[in-house]
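As the structure is a computational prediction, the values presented were derived from the model and not from experiment.
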There are 2 protein chains.
Amino acid sequence: MKASIFSALAEPNRFQIVELLQSSPLTVGEISERLGIRQPQASKHLRVLLDAGIVDVIADANRRIYKLRQEPFQEMDDWLISYRHLWEDRFDRLDAYLQVLQNNKKPQSDEEL
Amino acid sequence: MKASIFSALAEPNRFQIVELLQSSPLTVGEISERLGIRQPQASKHLRVLLDAGIVDVIADANRRIYKLRQEPFQEMDDWLISYRHLWEDRFDRLDAYLQVLQNNKKPQSDEEL
DNA sequence: CCATTATATTCCTTTACAGGAATATTCCGA
DNA sequence: TCGGAATATTCCTGTAAAGGAATATAATGG
């Protein structure tokens with residue numbers, strides 16, 4: 001996971017662009033129109049998404065059609081696998097450990113785990 | 001999906017904190033030591049993660065034990081479901097369409113699909 | 001109450017980044 | 001070749017956020 005993916009998606013307009021492109025590729029004009037932002041801002045945000053590897057662009061005459069790349073999303077999905085235990089495990093041992101930490105004010109003598 | 005989750009994870013130190021906490025809850029001191037950053041910076045980053053709902057804190061005497069919350073990760077995982085088609089579908093029609101757009105503009109192209 | 005330990009907060013400075021406005025670039029058709 | 005449409009880039013400015021240093025707060029043992 002590169003942090004550039006997160007920082008790219010952290011900006012609300014860029015997040016919306018990604019949500020838009022989820023349905024279908026779009027031109028810069030369509031994007032700026034649907035988001036209600038000016039064309040230069042749309043281009044700038046798309047540049048950030050492009051540099052972050054989140055979108056691809058294809059030239060069509062003097063238009064640019066932007067589409068999502070699969071890699072960053074697949075990467076996020078893979079990254080999240082190691083966090084699934086947070087809601088899939090019962091997590092009993094860890095909760096117990098926290099309980100012990102809270103009850104034992106000086107953990108120097110009694111080691112429960 | 002709130003953008004605050006992405007902006008919280010966009011900062012490299014905070015991302016590392018999250019990766020650390022994936023294994024087990026930790027105190028501020030342990031976190032600042034393992035990341036090689038000063039304690040005030042660790043506290044500040046943890047504050048951001050707390051406000052973003054990414055971590056929870058439990059008081060243990062004058063220590064604070066931080067642990068991951070499940071919700072934001074579950075939320076990201078759910079959010080990614082609607083992007084799985086990017087790598088699970090063959091997506092042939094769309095690729096073909098884009099290919100046509102590109103080839104129509106080039107004078108000569110012997111490339112086959 | 002005092003000293004110590006652990007953590008949080010404040011102030012300051014620097015830097016990155018977003019938006020606005022203007023301009024440059026590219027492509028098409030007449 | 002010229003004009004217009006679509007897009008990209010540059011310059012400027014304001015703001016938010018990160019790190020450093022110092023300090024404040026809270027809990028513990030004596």
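Taking the six-membered ring for Trp and thresholds of 30 and 60 degrees, A:Phe73 and B:Tyr83 have nearly parallel ring planes, at less than 30 degrees apart.
Heavy-atom neighbours of B:Glu19 CD from other residues, nucleotides or ligands within 6.0 Å: above the threshold of 12. Counting non-hydrogen atoms of other residues, nucleotides and ligands closer than 6.0 Å to CD of B:Glu71 gives a total above 12.
Going from atom CG of A:Asp60 over to atom C1' of C:dC27 covers 11 Å, rounded to whole Å. Spacing between atom CG of A:Leu9 and atom C1' of C:dA18 amounts to 16 Å, rounded to whole angstrom units. Atom P of nucleotide D:dT7 and atom CG of A:Leu35 are separated by 14 Å, given to the nearest angstrom. Rounded to whole Å, atom P of D:dA17 lies 20 Å from atom CZ of B:Phe15. Computed from coordinates, the B:Arg47 CZ to D:dG19 P distance equals 17 Å when rounded to whole Å. Separating the CG atom of A:Asn13 from the P atom of C:dA18 is a distance of 9 Å, rounded to the nearest angstrom. The distance between atom CD of A:Glu11 and atom P of C:dC17, rounded to the nearest whole Å, is 12 Å. To the nearest angstrom, P of D:dA8 lies 12 Å from CD1 of A:Ile37.
The closest donor-acceptor contact from the side chain of A:Arg64 to the backbone of A:Val57 lies at 3.5 Å or more, if one exists at all. Remark: the backbone N or O of A:Thr27 is paired with a side-chain donor or acceptor of A:Glu30 at under 3.5 angstrom.
Under a 4.0 Å N-O distance rule, the pair A:Asp56/A:Lys67 does not qualify as a salt bridge.
Close to D:dA17, at under 4.0 Å from its OP1 or OP2, lies no side-chain N or O of B:His45. One finds a side-chain N or O of A:Arg38 lying less than 4.0 angstrom from the OP1 or OP2 phosphate oxygen of C:dG20.
Checked against C:dA22, C:dA8, D:dC11, the side chain of A:Pro40 finds its nearest nucleotide in C:dA22.
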Show the distances under 3.5 angstrom between N or O atoms of the protein and N or O atoms of nucleotides 4-7 of chain C.
{"residue": "C:dT5", "atom": "O2", "partner": "B:Asn62", "partner atom": "ND2", "Å": "2.9"}
{"residue": "C:dA6", "atom": "O4'", "partner": "B:Asn62", "partner atom": "ND2", "Å": "3.3"}
{"residue": "C:dT7", "atom": "OP1", "partner": "B:Val28", "partner atom": "N", "Å": "3.3"}
{"residue": "C:dT7", "atom": "OP2", "partner": "B:Gly29", "partner atom": "N", "Å": "2.8"}

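Here the straight-line distance linking atom CD of B:Gln22 with atom CG of B:Leu68 works out to 7.5 Å at 0.5 Å rounding.
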